[in-house]
Peer 1: 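Next up is a structure, given as structure tokens.
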There are 2 protein chains.
Amino acid sequence: MNIGDVAALSGLPAKTIRYYEDIGLVKPLRSANGYRSFRESDAHKLAFLGRARALGFSIEDCRNLMALYEDDHRASAEVKDIAEHHLERIDEKIAELGEMRATLAHLVHACAGDHRPDCPILADLAKASKNAPQPETSTKQTSEQHPGQRPGQRRIGQRG
Amino acid sequence: MNIGDVAALSGLPAKTIRYYEDIGLVKPLRSANGYRSFRESDAHKLAFLGRARALGFSIEDCRNLMALYEDDHRASAEVKDIAEHHLERIDEKIAELGEMRATLAHLVHACAGDHRPDCPILADLAKASKNAPQPETSTKQTSEQHPGQRPGQRRIGQRG
DNA sequence: TATTGACCTTCCAGTGAGTGGAACCATTAG
DNA sequence: CTAATGGTTCCACTCACTGGAAGGTCAATA
């Protein structure tokens with residue numbers, strides 16, 4: 001099959017499949033016209049990859065999982081190990097996001113959200129949490145200031 | 001103060017602060033020797049940015065929040081709007097990760113994790129979930145196969 | 001004074017996992 | 001013949017930095 005066919009079967013964009021070939025995850029044959037020619041096994045692999053990626057596994061994890069999948073003498077412990085590590089990382093992320101969510105929800109709740117400028121959200125972001133109430137600015141000036149004439153900044157303010 | 005001082009005050013790496021100047025988030029002065037010279041207000045901005053980033057706001061959000069923070073005539077509704085949108089995105093992510101977690105935890109629990117090759121995790125990844133039991137491969141061959149002699153792959157298997 | 005060492009500068013390249021687009025080739029239908 | 005569709009390569013871009021090279025500056029010490 002051509003790339004469009006495996007794309008439809010696996011649900012992966014053709015671009016992604018080309019990328020997966022580029023990084024060595026699949027190795028389709030080539031037809032005489034230069035088109036990629038995918039076997040059943042390639043389509044199977046791509047579906048496998050799609051599902052592993054949907055579970056959040058990294059490409060490196062996918063590579064290892066694929067290798068284990070194709071190894072008849074694997075120990076399921078190796079697979080479980082990868083999955084458990086991934087599970088831990090997911091739990092960490094959920095915890096991190098949960099903390100963000102709690103703080104943010106609290107601030108959002110406290111903000112009137114009207115025409116007035118008073119805003120607990122900005123107040124919280126602006127508050128000095130660590131140190132330096134009057135940090136004393138003990139840093140000695142190396143020489144006198146002059147306005148930033150060569151700040152060397154590009155892409156000022158617009159994204160990409 | 002020099003970059004090291006604001007780095008210590010804000011908790012941001014000097015590299016990050018240079019990057020923030022590059023994208024126009026801060027505009028420190030320059031000393032005669034070419035060193036960046038940060039005012040109190042710059043240090044304050046950087047601390048603000050550090051906290052906003054820690055809450056997961058994107059750089060673009062930070063840019064907008066900074067602008068609102070510096071606008072005495074802002075409406076708190078604008079700030080709340082940004083925060084609520086971010087909160088929604090966080091909730092979506094938590095939900096997504098939660099689904100992954102559930103599936104993965106189920107699979108991990110079902111896997112013996114021993115020396116034997118039988119593995120429900122791999123079985124699940126490999127199972128055909130969508131369509132194509134025998135997908136019939138109706139795709140006509142454009143020409144006969146020949147092994148992949150010009151697959152054009154680079155960085156095969158190693159991370160770059 | 002020379003030299004260290006900490007600090008600063010710029011610029012370039014890389015991260016993960018693709019995505020968008022240009023320029024071009026192949027196949028097929030009308 | 002032409003157009004549409006689908007394939008090819010290659011390059012640049014994303015996001016928010018991070019690492020490192022090559023070199024300039026400054027304060028302190030031998």
Side-chain angles (χ1 to χ4, degrees), chain A residues 1-8 10-26 28-38 46 49-50 52-63 86 89 93 138-143 148-155 158-160, chain B residues 1-8 10-26 28-38 46 49-50 52-63 86 89 93 139-143 148 150-155 158-160:
Chain A
M1 346 175 210
N2 287 343
I3 199 165
D5 305 312
V6 271
S10 67
L12 295 170
K15 277 258 168 184
T16 298
I17 296 172
R18 288 196 197 98
Y19 171 70
Y20 285 175
E21 184 193 16
D22 199 40
I23 61 174
L25 282 181
V26 276
L29 303 174
R30 293 285 178 148
S31 302
N33 59 8
Y35 286 17
R36 287 167 184 82
S37 178
F38 295 84
L46 287 167
L49 289 168
R53 292 288 299 129
L55 282 180
F57 284 105
S58 72
I59 290 287
E60 270 317 292
D61 281 348
C62 288
R63 204 187 291 282
H86 182 41
R89 269 170 264 139
K93 268 217 163 155
S138 65
T139 336
K140 57 280 167 200
Q141 301 293 129
T142 22
S143 31
Q149 66 272 60
R150 59 191 207 288
Q153 80 259 39
R154 43 262 168 88
R155 40 183 181 199
Q158 68 271 23
R159 63 307 273 285
Chain B
M1 357 176 200
N2 287 344
I3 200 165
D5 304 313
V6 270
S10 67
L12 296 170
K15 278 257 169 187
T16 298
I17 296 172
R18 287 195 198 99
Y19 172 70
Y20 285 175
E21 184 193 16
D22 200 40
I23 62 173
L25 282 181
V26 276
L29 304 175
R30 292 285 177 148
S31 303
N33 58 9
Y35 286 16
R36 288 168 185 81
S37 179
F38 294 84
L46 287 167
L49 289 169
R53 292 288 300 129
L55 282 179
F57 285 105
S58 73
I59 289 288
E60 270 317 290
D61 280 348
C62 289
R63 204 187 291 283
H86 182 42
R89 269 169 264 139
K93 269 217 164 154
T139 338
K140 56 279 168 200
Q141 300 295 128
T142 25
S143 34
R150 58 192 208 287
Q153 80 259 40
R154 44 258 164 91
R155 45 183 175 194
Q158 69 270 26
R159 65 307 276 287

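Sequence lines set the chain letters: A, B, ... in the order given, protein chains first and strands last, and positions in each chain run from 1.
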Peer 1: Rounded to the Å, how far apart are B:Phe57 CZ and D:dA16 P?
Peer 2: 13 Å

Peer 1: Can you tell me how far C1' of D:dG7 sits from CE of A:Met1, to the nearest Å?
Peer 2: 16 Å

Peer 1: Between A:Arg18 and D:dC10, does any side-chain N or O lie under 4.0 Å from OP1 or OP2?
Peer 2: no

Peer 1: Rounded to the Å, how far apart are A:Ile3 CD1 and D:dG7 P?
Peer 2: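 Going from CD1 in A:Ile3 over to P in D:dG7 covers 7 Å.
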
Peer 1: Should B:Tyr20 and B:Ile59 be marked as a side-chain contact (heavy atoms from CB on, under 4.5 Å) after you check the CA-CA gap, both sets of side-chain angles, and the distance that decides it?
Peer 2: CA-CA 9 Å; B:Tyr20 285 175; B:Ile59 289 288; 3.7 Å; yes

Peer 1: To the nearest Å, how far apart are A:Asp22 CG and D:dC10 P?
Peer 2: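 The answer, rounded to whole Å, is 9 Å.
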
Peer 1: Mapping A:Gly4 and B:Ile59 onto DNA chain D by nearest heavy atom, which one lands closer to the 5' end?
Peer 2: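 Checking each residue's closest nucleotide, the 5'-ward one belongs to A:Gly4.
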
Peer 1: How many whole angstroms separate atom CD1 of B:Ile17 from atom C1' of C:dC7?
Peer 2: 14 Å

Peer 1: If you take all heavy atoms of B:Ala7 and B:Pro13, which pair is closest and at what distance?
Peer 2: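 Heavy atoms of B:Ala7 and B:Pro13 come nearest at CB-C, 4.5 Å.
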
Peer 1: Looking only at side-chain atoms of A:Tyr35, point me to the closest of D:dC17, C:dC11, C:dA26.
Peer 2: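 Of the options given, the side chain of A:Tyr35 lies nearest C:dA26.
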
Peer 1: Calculate the interatomic distance between A:Asn2 atom CG and D:dT8 atom P; express it in whole Å.
Peer 2: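 From A:Asn2 CG to D:dT8 P: 7 Å.
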
Peer 1: Specify the residue among B:Lys15 and A:Tyr20 whose closest nucleotide of DNA chain C lies further upstream toward the 5′ end.
Peer 2: B:Lys15

Peer 1: Under 4.0 Å between a side-chain N or O of A:Thr16 and OP1 or OP2 of C:dT19?
Peer 2: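 Yes, A:Thr16 has a side-chain N/O under 4.0 Å of OP1/OP2 on C:dT19.
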
Peer 1: Of the non-hydrogen atoms in A:Leu12 and A:Gly50, which two are nearest, and what is the gap between them?
Peer 2: CD2-CA, 4.1 Å

Peer 1: Can you see if the side chain of B:Arg53 gets near the phosphate of D:dC15 - specifically, an N or O under 4.0 Å from OP1 or OP2?
Peer 2: no

Peer 1: Verify the contact: side-chain N or O of B:Asn33 to OP1 or OP2 of D:dC26, cut-off strictly under 4.0 Å; return yes or no.
Peer 2: yes

Peer 1: On the nucleotide D:dC15, are OP1 or OP2 found under 4.0 Å from the side-chain N or O atoms that B:Arg63 carries?
Peer 2: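 Looking at the OP1 and OP2 atoms of D:dC15, neither is under 4.0 Å from any side-chain N or O of B:Arg63.
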
Peer 1: Looking at side-chain heavy atoms only, is the closest gap between A:Ile3 and A:Glu21 below 4.5 Å?
Peer 2: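 Of all side-chain heavy-atom pairs linking A:Glu21 with A:Ile3, none is under 4.5 Å.
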
Peer 1: Taking OP1 and OP2 of C:dC8, is either one under 4.0 Å from a side-chain nitrogen or oxygen of B:Arg36?
Peer 2: no

Peer 1: When the distance from CG of A:Asp61 to C1' of C:dG16 is rounded to whole Å, what number comes out?
Peer 2: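 Checked: the CG to C1' distance equals 13 Å.
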
Peer 1: Starting at atom CG of A:Leu46, determine the distance to atom P of C:dG18, rounded to an integer number of angstrom.
Peer 2: 12 Å

Peer 1: Looking only at non-hydrogen atoms, find the nearest pair between A:Arg36 and A:Asn2 and report the distance.
Peer 2: O-OD1, 3.6 Å

